[in-house]
Engineer: 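Input: one structure, supplied below.
Order of listing sets the numbers, starting from 1, for every ligand and every atom in it. Only heavy atoms go into these numbers, but all of them, side chains included; no hydrogens, no water, no symmetry mates. These numbers come from a predicted model, not from an experiment.
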Amino acid sequence: MDNKYNFDEIVSHLKNSGFVYQGSEIYGGLSNSWDFGILGSWLKKNIKDLWWKEFIERSPYNVGIDSAILMNTKTWEASGHIKGFADAMVDCKECKGRFRADNMIEEATGLSAEGKTPEEMDKMIEDNHIVCPVCGKHNFTSARSFNLMFKTYIGTLEDAKSVVYLRPETAQGIFVNFNNVARTSRKKIPFGIGQIGKSFRNEITPGNFIFRIREFEQMELEFFCQPGTDLEWYRYWVDYCYNFVKRLGIDENKLRIREHAQEELAFYSKGTSDIEYAFPFTDWGEVWGIADRTDYDLKQHSEYSGKELSYLDPETHEKYIPYCVEPSVGVERLFLMICCDAYDKEMVGENDERVVMHFHPAIAPVTVCVCPLVKKLAEPATKLFEDLSQEFHCEYDATGTIGKRYRRNDAIGTPFCITYDFDTENDGCVTVRERDSMNQERVKITDLKDYIKDRIKF
Ligand code: GAP
């Protein structure tokens with residue numbers, strides 16, 4: 001897909017305007033680690049708040065929890081992560097490049113290597129005479145399996161008994177709490193449990209800025225339903241997630257839902273779809289995964305813990321292990337999609353160019369910027385700023401011409417600039433300038449909060 005702007009340009013805008021900083025920068029950085037700056041942390045917070053509102057608060061079905069990052073190691077035995085959460089990697093003996101074997105095979109041949117053993121991947125590399133994507137030579141090490149979980153130790157002894165893992169997904173913290181939530185919420189099936197939190201994966205090939213990183217946040221929902229109703233709920237949640245993205249104003253020409261083919265599905269899954277976005281660095285990149293996981297996880301944890309994780313229907317008295325549909329998304333992935341989609345440059349008049357981030361007003365890092373026309377009006381403008389700050393994230397900007405202040409705010413995606421001028425003293429109105437249309441209108445200060453609230457609705 002043709003992208004209007006190249007990725008480097010967008011990344012450099014995000015770095016230069018304080019959305020994202022290089023992690024540990026003063027020490028020369030740490031590869032592929034990123035810190036979120038002033039605007040970035042606001043944007044991230046707003047994305048998470050919106051997800052929580054739409055998936056937990058406004059949902060008649062769902063509740064939220066916040067489980068620990070470090071979990072009993074048996075969790076990861078039960079979930080299959082200790083045995084199977086691994087990627088195979090190969091090294092090019094010529095240029096020393098390191099690659100994920102499945103990605104390299106897929107890119108070179110279009111064949112899926114999902115679920116193949118390292119030996120099977122070696123054979124595919126040989127049979128198809130795949131060459132190194134960097135140097136073009138065909139001289140690889142054998143594929144080696146590499147577990148993606150970060151290992152650490154609990155307590156003072158660094159022995160096998162004290163090994164714990166940083167969770168590679170938040171989902172398992174939900175499954176192990178199934179009984180606790182069912183007991184303390186009095187929720188009836190169908191119901192979902194959601195959470196937002198950090199996950200860690202020692203990715204072999206992180207990159208594309210914050211697209212694939214080793215420390216990231218996930219927003220996951222595990223939705224439990226009666227077996228047999230799962231495919232219906234699976235479609236419900238695919239639509240729900242797609243609508244969430246659509247309502248954010250993301251260009252639908254750059255969005256698609258990709259249903260996984262039968263041979264791509266995990267053995268326990270009855271259906272999986274990815275919501276993908278046409279990022280500027282690739283054709284399509286996964287943003288959100290929605291999977292029908294059947295009763296796999298609860299069954300596994302039941303078996304490994306010896307605790308029954310089932311549901312007794314209070315009306316029919318039927319007892320069963322619920323099926324689970326899981327919509328799972330990374331905060332940084334959504335963040336990156338939102339920024340790539342929002343970034344724009346346009347000419348204003350003959351020779352004035354503006355960069356503008358077309359964020360949906362509900363998630364823009366700054367909602368309102370209050371600008372006194374001249375410094376003399378600082379006192380009443382500050383009062384207005386303080387009053388609006390009770391309800392919205394506001395900035396106060398009194399530096400430079402009004403035009404310059406508008407440009408600064410366009411570049412960070414502030415949807416409204418409010419100018420307090422000399423007429424305000426007489427008519428009680430301010431000028432509200434809208435970011436995308438650049439239209440200006442006079443609005444009574446007494447109506448201002450409702451005016452803004454109305455326009456930032458999701
Ligand atoms: N519980 C299911 C699960 O974790 P996943 O497809 O591995 O499934 C879900 O991850 C989502 O988490 C992805 O669609 C992506 O948005 C995000 N994600 C996964 N790995 C990531 C990484 N290394 N960096 C950033 N985001 C990641």
Side-chain angles (χ1 to χ4, degrees), residues 20 23 31-34 36 44 47-48 51 55 67 69 71 75-76 78-81 84-87 100 102-103 114-115 146-150 165-176 192-223 234 237-238 241-242 244-245 250 255-258 260 264-266 268-269 271-277 279 281-282 284-294 296-298 300-301 324-340:
V20 182
S31 73
N32 293 293
S33 104
W34 303 98
F36 288 81
K44 246 181 126 177
I47 292 171
K48 290 188 279 184
W51 182 91
F55 282 78
S67 71
I69 288 174
M71 299 178 73
T75 309
W76 309 113
S79 66
H81 282 85
F85 193 55
D87 284 334
R100 249 177 74 171
D102 57 342
N103 286 351
E114 185 121 355
F146 176 78
N147 194 295
L148 301 185
M149 283 199 293
F150 279 101
Y165 297 93
L166 302 189
R167 68 177 175 204
E169 60 173 25
T170 60
Q172 302 304 325
I174 295 177
F175 294 124
V176 301
I193 310 173
Q195 77 166 324
I196 302 176
K198 286 260 182 182
S199 292
F200 303 83
R201 297 183 188 179
N202 199 359
E203 298 281 2
I204 300 171
T205 49
N208 289 322
F209 191 38
I210 55 170
F211 181 81
R212 178 163 289 109
I213 39 187
R214 295 194 171 106
E215 174 186 342
F216 55 99
E217 283 185 271
Q218 285 185 309
M219 305 191 284
E220 298 201 290
L221 176 73
E222 308 303 324
F223 189 81
Y234 162 66
W237 287 110
V238 171
C241 298
Y242 186 82
F244 182 91
V245 173
I250 304 300
L255 280 176
R256 73 174 188 186
I257 297 172
R258 190 179 72 79
H260 288 207
E264 246 185 296
L265 294 178
Y268 50 77
S269 175
T272 299
S273 289
D274 291 338
I275 298 175
E276 298 183 333
Y277 179 75
F279 286 96
F281 52 83
T282 181
W284 293 99
E286 172 187 339
V287 176
W288 210 317
I290 304 101
D292 178 344
R293 301 179 62 94
T294 63
Y296 175 74
D297 306 275
L298 289 184
Q300 287 292 105
H301 286 300
C324 178
V325 175
E326 176 197 68
S328 169
V329 64
V331 179
E332 293 80 359
R333 284 276 169 94
L334 264 185
F335 181 110
L336 188 61
M337 176 190 71
I338 288 165
C339 288
C340 289

Engineer: Quick check: does any side chain N or O of Ser269 sit under 3.5 Å from a backbone N or O of Asp292, one acting as donor and the other as acceptor?
Structural biologist: yes
Engineer: When Asp297 is tested against each of Arg293, His301, Gln300 for side chain to side chain donor-acceptor pair (under 3.5 Å), which residue passes?
Structural biologist: Arg293
Engineer: Determine, using ring centers only, whether Phe209 and Phe281 are less than 6.0 Å apart.
Structural biologist: no
Engineer: Taking only heavy atoms of Arg212 into account, list the atoms of ligand 1 that are under 4.0 Å away from them.
Structural biologist: 23 (N), 24 (N)
Engineer: Any idea how Phe279 and Tyr277 line up, ring-wise: parallel (<30°), tilted (30 to 60°), or perpendicular (>60°)?
Structural biologist: perpendicular
Engineer: Just by modelled atom types, is the Glu220 backbone N or O under 3.5 Å from a matching donor or acceptor in the Gln195 side chain?
Structural biologist: no
Engineer: Quick one: look up the protein heavy atom nearest atom 25 (C) of ligand 1 and list residue, atom name and how far away it is.
Structural biologist: Phe211 O, 3.2 Å
Engineer: Got the closest protein heavy atom to atom 10 (O) of ligand 1, with its distance?
Structural biologist: Gln218 NE2, 3.5 Å
Engineer: Can you list the ligand 1 atoms lying under 4.0 Å from a non-hydrogen atom of Glu220?
Structural biologist: 1 (N), 2 (C), 3 (C), 4 (O)
Engineer: Looking at atom 15 (C) of ligand 1, what's its closest protein heavy atom, distance included?
Structural biologist: Arg333 NH1, 3.4 Å
Engineer: Between Trp288 and Phe244, what is the ring plane arrangement, given parallel below 30°, perpendicular above 60°, and tilted in between?
Structural biologist: perpendicular
Engineer: Ignoring angles and geometry beyond distance, decide whether Arg214 reaches within less than 3.5 Å of ligand 1 through its nitrogen or oxygen atoms.
Structural biologist: no
Engineer: Without swapping roles, check the side chain of Arg201 against the backbone of Pro168 for a donor-acceptor pair under 3.5 Å.
Structural biologist: yes
Engineer: Using a 4.0 Å heavy-atom threshold (strictly under), name the region of Glu326 that reaches ligand 1: side chain, backbone, both or neither.
Structural biologist: side chain
Engineer: Have a look at ligand 1 and work out which part of Val287, if any, has a heavy atom under 4.0 Å from it: side chain, backbone, both or neither.
Structural biologist: backbone
Engineer: So, for Asp274 and Glu286, which heavy atoms are closest and what is the spacing to 0.1 Å?
Structural biologist: OD2-OE1, 3.6 Å
Engineer: For atom 8 (O) of ligand 1, which protein heavy atom lies nearest, and how many Å away is it?
Structural biologist: Ser328 OG, 4.1 Å
Engineer: To the nearest 0.1 Å, how far is atom 14 (O) of ligand 1 from its closest protein heavy atom, and which atom is that?
Structural biologist: Glu286 OE2, 2.6 Å
Engineer: Starting from atom 24 (N) of ligand 1, locate the nearest protein heavy atom and write down its residue, its atom name and how far away it is, to 0.1 Å.
Structural biologist: Ile213 N, 3.0 Å
Engineer: Please work out whether any backbone atom (N, CA, C, O) or any side-chain heavy atom from C-beta onward of Arg201 is under 4.0 Å from ligand 1, and answer side chain, backbone, both or neither.
Structural biologist: side chain
Engineer: Which protein heavy atom lies closest to atom 18 (N) of ligand 1, and at what distance to 0.1 Å?
Structural biologist: Phe216 CE1, 3.6 Å
Engineer: Once you measure the plane-to-plane angle for Trp237 and Phe55, does it fall in the parallel (<30°), tilted (30-60°) or perpendicular (>60°) bin?
Structural biologist: parallel
